[in-house]
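Some notes on the structure that comes next.
Each chain gets a letter, A, B and so on, in the order its sequence line appears, and its residues count up from 1.
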Protein chains: 2
Amino acid sequence: MGIQRKTKSLQAVYEAFGDSNEALSVKMIRDRLGESVNKTTVYRLLDRLEEDGMVHSFSGEDSVTFYARCHACKGVSHDHNHPHFNCVSCDKVLCMEEEVVLPLSGKFKVTEARIFLKGICAECA
Amino acid sequence: MGIQRKTKSLQAVYEAFGDSNEALSVKMIRDRLGESVNKTTVYRLLDRLEEDGMVHSFSGEDSVTFYARCHACKGVSHDHNHPHFNCVSCDKVLCMEEEVVLPLSGKFKVTEARIFLKGICAECA
DNA sequence: CCTTTAACGCAACTAAGTTGCATTAAATTT
DNA sequence: AAATTTAATGCAACTTAGTTGCGTTAAAGG
Ligand SMILES: [Mn+2]
Ligand SMILES: [Mn+2]
Ligand SMILES: [Zn+2]
Ligand SMILES: [Zn+2]
């Protein structure tokens, strides 16, 4: 059912992402907000935002879930098979625009891909 | 420094993998062993086995770390960029032999890839 | 302004994984 | 075959991400 009331907390959490394609963890979001919003609330807001297709989530490295605003996938086709990238220099986690070709294999029928890449981002290069 | 003593616990944990390319979580390993080995010990054994290149680890879906025996990567080139596959039918997590072409991009310098695929495995097809 | 109930904050909880420390048991030496 | 050394183990206590129940607050609509 998603979001039904536009509360202060909701706006604060959503605006924490800005316009960028940077992915944030709950801890990072709360840091940006000065811990003003209760962590349970942040989790629940992100759940609702995801339900409504406003953000998507994926798990990063150390068993931490990241959330990012949906940019490309506004409409019907919520294709979140796009790769995510972690810059080892600035530590940012970003959504990549690039399409991913699902590796076709004789043995496996692949329907979903979670691709987490590491390396150096454009700004740190 | 890795493993220095071939203890009963070590053999039990290592043999839990069998010859297959199936990946196991600590919980799964302990279930197979009838909880006979303390969980701290299992974590430490897996750390040492990984240090010695006998197993490799990667994070699965729900913030659970999986471990699998190293098959292809016996020698010097410990290339663990191979994909891992989760069958949604039998729930098994498997190492895939297939090579994956890293998505080259102008913006990002990719050096490492964690690829987690979902779908239907050969036996469940 | 009043009512309804979605959203909130808090405390308590779960589960994966880690750490310190005393004890046990491999491996090596006598 | 002892005695010695210290890697490995078990336990309890801890950390951190995330969840749940419940009483309270506040957004939205009449
Ligand atoms: Mn993304
Ligand atoms: Mn593997
Ligand atoms: Zn960077
Ligand atoms: Zn299967």
Side-chain angles (χ1 to χ4, degrees), chain A residues 1-17 22-68 84 86 91 93 114 116, chain B residues 1-17 22-68 84 86 91 93 114 116:
Chain A
M1 195 173 228
I3 288 160
Q4 291 175 352
R5 294 183 186 183
K6 289 189 181 167
T7 64
K8 291 279 179 193
S9 305
L10 172 74
Q11 275 173 274
V13 167
Y14 189 63
E15 281 166 13
F17 290 100
E22 188 182 351
L24 303 174
S25 67
V26 166
K27 192 163 161 260
M28 289 160 79
I29 292 169
R30 298 228 310 140
D31 283 350
R32 293 196 182 192
L33 269 49
E35 315 263 289
S36 63
V37 186
N38 181 274
K39 77 167 177 174
T40 308
T41 301
V42 175
Y43 278 109
R44 292 199 270 227
L45 286 173
L46 290 167
D47 281 352
R48 288 174 213 139
L49 284 166
E50 185 160 32
E51 214 183 323
D52 290 350
M54 309 286 285
V55 305
H56 62 280
S57 67
F58 58 94
S59 48
E61 296 222 68
D62 314 309
S63 66
V64 177
T65 302
F66 279 79
Y67 300 83
H84 294 104
N86 174 220
D91 263 336
V93 176
R114 319 225 158 150
F116 194 80
Chain B
M1 196 172 227
I3 287 160
Q4 290 174 349
R5 295 183 184 182
K6 289 187 180 168
T7 64
K8 291 279 179 192
S9 304
L10 172 73
Q11 274 172 275
V13 167
Y14 190 62
E15 281 165 14
F17 290 100
E22 188 183 351
L24 303 174
S25 67
V26 165
K27 192 163 160 259
M28 290 160 79
I29 292 169
R30 298 228 310 141
D31 284 350
R32 293 195 182 191
L33 268 48
E35 315 264 290
S36 63
V37 185
N38 180 273
K39 79 167 176 173
T40 308
T41 302
V42 175
Y43 279 109
R44 292 200 271 228
L45 287 173
L46 290 167
D47 281 351
R48 289 174 212 139
L49 284 167
E50 185 160 32
E51 215 182 322
D52 291 350
M54 310 286 284
V55 305
H56 61 281
S57 67
F58 57 94
S59 48
E61 296 222 68
D62 314 309
S63 66
V64 177
T65 302
F66 278 81
Y67 300 83
H84 295 104
N86 174 220
D91 262 335
V93 177
R114 321 225 156 150
F116 194 80

A/Ser9 side-chain N/O to C/dC8 phosphate OP1/OP2 under 4.0 Å: yes

Any A/Thr41 side-chain nitrogen or oxygen under 4.0 Å from OP1 or OP2 of C/dA7: no

Which nucleotide in [options] has an atom nearest any side-chain atom of [X]:
| X | options | answer |
| --- | --- | --- |
| B/Lys39 | D/dT19, C/dT18, C/dG9 | C/dT18 |
| A/Ile3 | C/dA7, C/dA16, D/dT19 | C/dA7 |
| B/Tyr43 | D/dT19, C/dG9, C/dA16 | C/dA16 |

Report which part of the nucleic acid [X] touches: base, sugar-phosphate, or nothing (heavy-atom distance under 4.0 Å, all strands).
| X | answer |
| --- | --- |
| A/Thr65 | sugar-phosphate |
| A/Ser25 | nothing |
| A/Ser63 | sugar-phosphate |

Nearest whole Å is fine: how far is [N] [atom2] from [X] [atom1]?
| X | N | atom1 | atom2 | result |
| --- | --- | --- | --- | --- |
| B/Leu45 | C/dA26 | CG | P | 13 Å |
| B/Arg48 | C/dT18 | CZ | P | 13 Å |
| A/Asp31 | D/dT16 | CG | P | 13 Å |
| A/Asn38 | D/dT20 | CG | C1' | 13 Å |
| B/Glu50 | C/dG17 | CD | P | 12 Å |
| B/Met1 | D/dA8 | CE | C1' | 14 Å |
| B/Glu51 | D/dA8 | CD | C1' | 14 Å |
| B/Asp62 | C/dT14 | CG | P | 18 Å |

Interatomic distance, A/Arg48 atom CZ to A/Tyr43 atom OH [nearest 0.5 angstrom]: 14.5 Å

Distance in Å, B/His56 NE2 paired with B/Phe66 CZ, rounded so as to fall on 0.5 Å steps: 12.0 Å

Terminal helix-axis angle for the helix from C/dC1-D/dG30 to C/dT30-D/dA1, with five pairs defining each axis and rounding to 10 degrees: 30°

Of all heavy-atom pairs between [X] and [Y], which one has the smallest distance, and what is that distance?
| X | Y | result |
| --- | --- | --- |
| A/Tyr14 | A/Met54 | OH-CE, 3.7 Å |
| B/Val42 | B/Val26 | CG1-CG1, 4.0 Å |
| B/Lys6 | B/Leu10 | CA-CD2, 4.0 Å |
| A/Gly60 | B/Ser59 | O-OG, 4.2 Å |

Please check this pair: side chain of [X] against backbone of [Y], looking for a donor-acceptor N/O pair closer than 3.5 Å.
| X | Y | value |
| --- | --- | --- |
| B/Asn38 | B/Thr40 | yes |
| A/Arg32 | A/Ala16 | yes |
| A/Asp91 | A/Asn86 | no |

Sequence-aligned protein contact record of nucleotides 22-30 of chain D, with B where the base is within under 4.0 Å of a protein heavy atom and S where only the sugar-phosphate is: ----BBS--

Between B/Phe116 and B/His84, ring centroids under 6.0 Å: no

